[in-house]
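A short write-up of the structure that comes next.
We count ligands from 1, going down the list as the structure has it; atoms in each ligand are counted the same way. Since this is a predicted model, take the numbers as computed values, not measurements.
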Amino acid sequence: MNISAKTKICMVIGDPIEHSLSPEMHNAGYKKLQIDTEYVYVACHVKVSDLSDFIKGVRAMNIRGVSCTIPHKMEIMKYLDKVDSVAKKIGAVNTIVNANGVLKGYNTDWIGIVTPLEKVISLQNKTIVLLGAGGAARAVAYAITKKKAKLIIYNRTFEKAKQLAKEFGGEALEPNAFEKIKRADVIINTTAIGLHPQENETPLPKELLTKNHIVFDIVYTPGGTTKFLKEARKKGAKIIVGTEMLLHQGTAQFTLFTGYDAPVDAMRKVLEK
Ligand code: ATR
């Protein structure tokens, strides 16, 4: 690392933040492109109650870029000078770029969904089941409808699925109406199931999974694959691990922060470690 007075600072903020892999991922990219004299990326533990002061700090210190993670993606929006139209539609910002003192918010989470999927399937006219209807589901719903695939939302609380389906143009699945899930092309889990303390649960009974499915779990665990993905793999389904979303939302951020194409393989290597 070659930090000098000219080095620009980028960072990820969240609460908690200690588990974040983003600093290693972005710094590996800077190193690979030999721009680690120009950029450095750190993590900062910022509480929601300190967001207003944090943004003042970004302006005062001319921080170049900020990645936002839980719980800041919605709350941060009101402190920014501009929010791009995609982030507005999703209702969340995961990326802030400071261009000559003007702070603009973007959302690259949907790119983290689309990029790994499009490596294995063309999404247009395919049927995608979205499990969950919370904050994370919104970027997925945007990605699916943007790519002109058919969106079916299944959520524990049916009303929330209905609301999200109405907003993005999809269908909400009635509780236990599983037949359509069996026939879908892709299943994407955005529920908290798979995350601690729900790591031993799965969001769907394994009887619904078939070898024709592509199953993407955006939950990522330090050990690798979630129980849901292990069951899907056993059934012969193609699986996509959650770190692929982390990687591709991050590579899109990398470009927004630096203007360079991200060295994807060097950044993936960090996550595989
Ligand atoms: P995030 O921002 O990570 O999406 P969230 O907005 O709290 O977090 O949404 C969590 C999602 O996981 C919701 O869809 C939630 O279902 P409800 O809308 O019914 O609350 C879902 N979820 C969490 N725990 C669940 C469980 N044990 N069973 C089924 N769904 C669960």
Side-chain angles (χ1 to χ4, degrees), residues 12-17 19-22 46-48 51 67-77 86-95 105-114 128-145 151-168 170-178 181 184 186-209 215-222 226-229 231-232 240-246 248-250:
V12 58
I13 60 161
D15 180 19
I17 199 61
H19 65 286
S20 176
L21 299 172
S22 293
V46 175
K47 298 199 180 86
V48 172
L51 267 187
S67 311
C68 305
T69 186
I70 292 171
H72 299 317
K73 290 184 186 184
M74 286 157 86
E75 187 67 16
I76 197 84
M77 294 172 79
V86 173
K88 267 190 202 151
K89 171 84 179 157
I90 294 171
V93 156
N94 79 326
T95 309
Y106 299 85
N107 190 306
T108 66
D109 283 336
W110 75 278
I111 299 169
I113 296 295
V114 159
I128 321 285
V129 173
L130 165 57
L131 304 176
R138 296 184 61 84
V140 179
Y142 175 83
I144 294 169
T145 49
L151 171 65
I152 297 181
I153 303 170
Y154 184 70
N155 191 50
R156 175 176 62 182
T157 312
F158 179 60
E159 274 310 310
K160 277 167 74 180
K162 241 168 73 179
Q163 185 55 41
L164 194 64
K166 193 171 154 203
E167 201 176 325
F168 285 89
E171 176 191 344
L173 213 57
E174 299 275 354
N176 302 322
F178 287 146
I181 297 183
V186 178
I187 302 172
I188 307 176
N189 176 44
T190 70
T191 73
I193 298 173
L195 273 178
H196 184 71
Q198 302 192 84
E199 61 267 49
N200 292 320
E201 293 170 40
T202 62
L204 280 183
K206 62 181 174 214
E207 291 69 32
L208 298 179
L209 304 174
V215 181
F216 189 173
D217 195 341
I218 73 162
V219 168
Y220 67 90
T221 52
T226 56
K227 187 176 178 195
F228 184 45
L229 286 185
E231 289 186 352
I240 303 175
V241 294
T243 45
E244 282 295 299
M245 178 181 176
L246 178 68
H248 290 287
Q249 62 80 35

Quick one: which ligand 1 atoms are inside 4.0 Å of a heavy atom on [X]?
| X | value |
| --- | --- |
| Ala192 | 12 (O), 23 (C) |
| Ala136 | 1 (P), 2 (O), 4 (O) |
| Lys160 | 17 (P), 18 (O), 20 (O) |

query = Would Asp109 and Lys73 satisfy salt bridge (charged side-chain N to carboxylate O under 4.0 Å, His left out), going step by step from the backbone distance to the final call?
reply = CA-CA 11 Å; Asp109 283 336; Lys73 290 184 186 184; 2.8 Å; yes
Distance to 0.1 Å, residue and atom name: give those for the protein heavy atom nearest to [atom].
| atom | result |
| --- | --- |
| atom 25 (C) of ligand 1 | Arg156 NH1, 3.4 Å |
| atom 27 (N) of ligand 1 | Gln198 OE1, 2.7 Å |
| atom 16 (O) of ligand 1 | Asn155 OD1, 3.3 Å |
| atom 9 (O) of ligand 1 | Gly134 CA, 3.4 Å |
| atom 17 (P) of ligand 1 | Thr157 OG1, 3.4 Å |

query = Does some non-hydrogen atom of the protein lie less than 4.0 angstrom from atom 21 (C) of ligand 1?
reply = yes
Is the shortest N/O to N/O distance between [X] and ligand 1 below 3.5 Å?
| X | answer |
| --- | --- |
| Ile193 | no |
| Glu201 | no |
| Thr191 | no |

key: Per atom 8 (O) of ligand 1, closest listed option by heavy atom (Gly132, Ala133, Gly135)   = Gly135
ask   = Are the side chain of Thr157 and the backbone N or O of Glu159 linked by a donor-acceptor pair below 3.5 Å?
value = no
key: Any donor-acceptor pair under 3.5 Å from Thr108 side chain to Gln249 backbone   = yes
Under 4.5 Å between any side-chain heavy atoms of [X] and [Y], yes or no?
| X | Y | result |
| --- | --- | --- |
| Leu21 | Leu246 | yes |
| Phe228 | Leu131 | yes |
| Phe168 | Lys89 | yes |

Exercise: do Glu199 and His196 side chains pair donor with acceptor under 3.5 Å = yes
request  = Say whether Thr69 and Asn94, considering side chains only, have a donor N or O and an acceptor N or O under 3.5 Å apart.
outcome  = no
ask   = Heavy-atom count around Ile70 CD1 within 6.0 Å, excluding the residue itself: above 12?
value = no
